[in-house]
K.L.:
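Here it is: the structure, laid out below.
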Protein chains: 2
Amino acid sequence: MNIYDIAKEAGVSISTVSRVMNNKGNVNAATRKKVEAILDKHDYTPSAIARGMVSKTMKTVAVLTVDIRVPHYARTVYTIEREFSHRGYEVAICNTGGELEETAKYLKTMLEKKVDGIVLVGSIFNTLCKKDEIGNMIKNTPVVLANGKLELPNSYSVLVDDRYGVSLAVEHLLKRGHLDMYYLKDMDTVSARLKSEGFIKALESHGVSDAKQYVIDTDRSIGGGIEAVEKLIAENKKFTAIVCGEDITATGAVKAALRAGLRVPEDVAVTGYNNSEYARICEPRLTTIDNKPEMVAMMSVQLLTSLIEQTDVYSSCVIQPELVEGKTT
Amino acid sequence: MNIYDIAKEAGVSISTVSRVMNNKGNVNAATRKKVEAILDKHDYTPSAIARGMVSKTMKTVAVLTVDIRVPHYARTVYTIEREFSHRGYEVAICNTGGELEETAKYLKTMLEKKVDGIVLVGSIFNTLCKKDEIGNMIKNTPVVLANGKLELPNSYSVLVDDRYGVSLAVEHLLKRGHLDMYYLKDMDTVSARLKSEGFIKALESHGVSDAKQYVIDTDRSIGGGIEAVEKLIAENKKFTAIVCGEDITATGAVKAALRAGLRVPEDVAVTGYNNSEYARICEPRLTTIDNKPEMVAMMSVQLLTSLIEQTDVYSSCVIQPELVEGKTT
DNA sequence: CTGAAAGCGCTTACAG
DNA sequence: CTGAAAGCGCTTACAG
C-alpha cells in the first residue's frame, strides 16, 4: 500500500495526499477530511525511505562508542539518544571495541546510509581519527567527538578536563595530610594519559619530586585494583592514599585494603573517577570525580545539531569535572 | 555525485556501474577494472537509501528498551547489537522508559523507516503489547520479546524462568539452614511478580505457611535495599537471610547489615539477582542468580533473523537461570 | 557482456 | 485549492 493507493481510493491526486500527510496548508477542509479518513482506515504508514530519497536525509545519527556496557558510556549514549529523539532523530549505535577495523566497518555502512551526523564517544577515537583511513571517511560529514580534540573541518569537540579532574582528587588528599600516594592507571588512551599527568603535576607542584614513580599500570577492573594494592602491601611500600583513574579500579583497591585489615579511610584513603553507581555501591562510599557525562552528551547533541542544521554557530567546549566527597577520604 | 556521474566518467551505462559495485558476474574484466578505478578515485559511497527504495529494506533493526543505563539492559543490547552487526544489520536504539506514550512514538517512527524487525528488551513490554495501541502497530512486523511471552502472529519470545531463578536462591539458603528470610521486591512488572512468586512457592513447599508476608516492596536501588533492611532491624523482625530481586537492591541490604554491626554472611545472608558487576563490587561478593542476558540476546537475534529472512523455523524458548555462589551466603 | 527503460514511494516546483 | 510531471539514486528484468 502506497500513496497511489490512497490517492485512488480518495479520488484525488498523490500531491493532495502528500499535502494532507505533511499538514501543508492549501487543502480544502472537506478534501482533507476525506483523505484523512482513508489514511486512518488503513493505518497508513508513509515510507521514510522514499521521503529520505527526496529530502536527502533519514534523520538518523550514528553514535560510535567503545562498549555500551561500560556505565560511563551507557550514561553518555543514553542522554545522546534521548536528546536526539526529542529533536526527531533516530540513533544508531555501534560498539566498536575501540578497534580500527570495526570503526572503519561501522563508518562505511553509516556513511552509505547517509546519516546526518556522527558522535564519537570515547577518547580512543582521538587516536583513531588521526589515521587517514578513518579521518578521510568522516571529513565530509558532521562529527562531534565526546571527550577529545578533533582537527577536522566539519567537526566539534567536547573536551573534559581529565587532568584537572585527577588533580582535584590529589589536592583533596593533600589537604587532608596525605603525601604518600599512588596512582592506579589503566588503559592508554589520551584521556588516561591526561589523568596520570594530572596526578604527577599536582604532586610535583607540592614539592614531591619525580612523582612519575608513583604511577602504577594496572587493569581497568576490580581485579586490577585488588592486585595493584596487594602488590604495594606485599612490597611494603609506604602509602596512605590511592588515587584511581576509574571507579571500578577503586572498588578493587578498597577491597584489597579491607581484606588486608586496613581501615578505609583511616589507614588508607581511596579516590575513584566517574561518580558512577559503582562509587555508591562501594562500602564505604567512594570519594570520586564527577566528569559529567550527561553534560558532555547534551553539549555533543547541541553541537552536532548546529552542524547538521547549520543554525547557530557554537564552538567546541571544555567541561570541568567536580569532586564528589564520599566516605573513603 | 551519483551512479550517473560514475557511469559518464567511465563511459559505460549505470547498469554496468551497478553490476561492478555489487560484484555481479557478467562484467568484462577490463570494464570492471576501469569502473573500479573511478569508484576508488572518488571514494564513491553508494546510497543505501536509494538501494533500500528498491530492495524494500534498509537492513535495520530497532531495539526498544527501558533504559540502557541499567547494566542488565546494557549487556543485552550490547550483544544484540554485535550479533546484528555481524549479520549486516544496523541497530537503532530506543530508551522508552517503559512508558506507553514513548513506546508508541518510537514504534511509529521505526515503522515509517521500515525497519526489518523489532526487539523488545524488558518484561515491561509484555504489559504494553497487551494494549491495542501498541499491539496493532507491531502485528505486521517481525518482533521478538526478550524476556516475556508474546501472543502475536509475527513474533517470538525468549523467556527467562525468573520464578525458578529466585527459587534457586531460596533453596540454596534453606540448604544452609536459613528459614527466616525476607524477599525484597522492586517494581511491578511480570518478571518481578514471577520472582516474588518463586520466593513464596519455594518457601511454602518447605512448610512455611503464608510466605507472602515475607515479601517487602521497596525501591530498585541501593537506598531501597538499605531502607528495607533498616526497617526490619528497627522493627525487631527475626531474619537470617535476605533474598533480593536485583543485585543493586542486594548491595544496599548488605550495606545496611554491615552498618548495623551484623556480619555477612555469618549473621545475615544476602542474595542478589542478575550476576552483574554490582555483585562483584559488593564486599563480600554477592551470591546471585545469573539470568544470562547474553544468551537471551543471542536467542533473540537468532529468532528475529529467522523471522525476517524466513529461513529456518525456530520457536520461542525458555532459558534457565543459574546460581552463582559468592561470599554473602 | 552491455545498455535502455521501468519502477521503488515519495516531494516539490509549476501550471492552472 | 488541485493535479501532472519530474526527479531523488539506485536495481532489475529484458533485449540485444
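The chains referred to below are lettered A, B, ... by the order of the sequence lines, with proteins before strands, and numbering in each begins at 1. Heavy atoms only: backbone and side chains are in, while hydrogens, waters and symmetry mates are out.
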K.L.:
Could you state the CZ-P distance from A:R19 to C:dT12, rounded to the nearest angstrom?
P.N.:
11 Å
K.L.:
What contact category does A:N26 fall into here, base, sugar-phosphate, or nothing, at under 4.0 angstrom with non-hydrogen atoms?
P.N.:
base
K.L.:
A:V17 or B:A50: which one's nearest nucleotide on DNA chain C is closer to the 5' end?
P.N.:
B:A50
K.L.:
Please tell me if A:S13 has a side-chain N or O lying less than 4.0 Å from either OP1 or OP2 of D:dG3.
P.N.:
yes
K.L.:
Which whole-number value in Å describes the distance from B:Y4 OH to C:dG3 P?
P.N.:
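Distance, rounded to whole Å: 14 Å.
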K.L.:
Rounded to whole Å, please give me the gap between CG in B:N2 and C1' in D:dG9.
P.N.:
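Distance, rounded to whole Å: 6 Å.
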K.L.:
Contact class for A:I49 vs. all strands (heavy atom < 4.0 Å): base, sugar-phosphate, or nothing?
P.N.:
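It contacts nothing in the nucleic acid.
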K.L.:
State whether A:N28 places a side-chain N or O below 4.0 Å from either non-bridging phosphate oxygen (OP1 or OP2) of D:dC1.
P.N.:
no
K.L.:
Please classify the nucleic acid contact of B:K24 as base, sugar-phosphate, or nothing, using heavy-atom distances under 4.0 Å.
P.N.:
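Contact class for B:K24: sugar-phosphate only.
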K.L.:
Describe the nucleic acid contact of A:S15 in one word from base, sugar-phosphate, nothing, applying a heavy-atom distance below 4.0 Å.
P.N.:
base
K.L.:
Could you check how far CD1 of B:I3 sits from C1' of D:dT12, rounded to whole Å?
P.N.:
12 Å
K.L.:
Can you tell me if B:D162 and B:N147 form a side-chain donor-acceptor pair at under 3.5 Å?
P.N.:
yes
K.L.:
Please report the distance, rounded to the nearest Å, between CZ in A:R51 and C1' in C:dT12.
P.N.:
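The distance from CZ of A:R51 to C1' of C:dT12 comes to 13 Å, rounded to the nearest Å.
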K.L.:
In this structure, how many angstroms lie between the P atom of D:dA4 and the CD1 atom of A:I14, rounded?
P.N.:
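After rounding, the gap between these two atoms is 9 Å.
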K.L.:
Which residues pass the side chain to side chain donor-acceptor pair (under 3.5 Å) test with A:T127, sequence neighbours left out?
P.N.:
none
K.L.:
In terms of side-chain heavy atoms of B:V54, which of C:dG7, C:dT2, D:dC8 is nearest?
P.N.:
C:dG7
K.L.:
Do side-chain atoms of B:K113 reach the backbone of A:M58 as a donor and acceptor pair under 3.5 angstrom?
P.N.:
yes
K.L.:
Determine whether A:T65 and A:T76 make a side-chain contact, defined as any pair of heavy atoms from C-beta on separated by less than 4.5 Å.
P.N.:
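Counting from C-beta outward, A:T65 and A:T76 never come under 4.5 Å.
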K.L.:
Which pairs would a plain distance check flag for residues 298-311 of chain A, meaning a side-chain donor or acceptor within less than 3.5 Å of a matching protein atom at least two apart in sequence or in another chain?
P.N.:
residue, atom, partner, partner atom, Å
A:S300, OG, A:V296, O, 2.7
A:T305, OG1, A:R87, NH1, 3.4
A:T305, OG1, A:V301, O, 2.5
A:S306, OG, A:L303, O, 2.8
A:E309, OE2, A:Y89, OH, 2.8

K.L.:
Considering heavy-atom distances to DNA chain C, does B:A29 or B:M53 have its closest nucleotide positioned more toward the 5' end?
P.N.:
B:A29
K.L.:
Rounded to the Å, how far apart are A:N23 CG and C:dT11 P?
P.N.:
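Roughly 12 Å, once rounded to whole Å.
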K.L.:
Regarding B:H42 and B:D5, do their side chains bring together a donor and an acceptor under 3.5 Å, going by distance alone?
P.N.:
no
K.L.:
In dot-bracket form, 5' to 3', how is DNA chain C paired? Count Watson-Crick and G-U wobble pairs only if both distances fall under 3.5 Å, and write | where the partner sits on another strand.
P.N.:
|||.||||||||.|||
K.L.:
Indicate, with a heavy-atom threshold strictly under 4.0 Å, whether A:S55 touches base, sugar-phosphate, or nothing.
P.N.:
nothing
K.L.:
Between C:dT11 and A:N22, is there an OP1 or OP2 to side-chain N/O distance shorter than 4.0 Å?
P.N.:
yes
K.L.:
Any chance CE of B:M21 has more than 12 other-residue heavy atoms, nucleotides or ligands included, within less than 6.0 Å?
P.N.:
yes
K.L.:
Could you tell me the separation between the CE atom of A:M1 and the P atom of C:dC8, rounded to a whole number of Å?
P.N.:
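Taking CE of A:M1 and P of C:dC8, I get 14 Å after rounding.
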K.L.:
Which of these nucleotides, C:dT12, C:dC1, D:dG9, is closest to any side-chain atom of A:S18?
P.N.:
C:dT12
K.L.:
Taking atom types as modelled, is there a side-chain donor on A:S315 or A:Y156 under 3.5 Å from an acceptor on the other?
P.N.:
no
K.L.:
With a cut-off of less than 4.0 Å, is there a side-chain N or O of A:K114 near OP1 or OP2 of D:dG9?
P.N.:
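A:K114 to D:dG9 OP1/OP2: no side-chain N or O under 4.0 Å.
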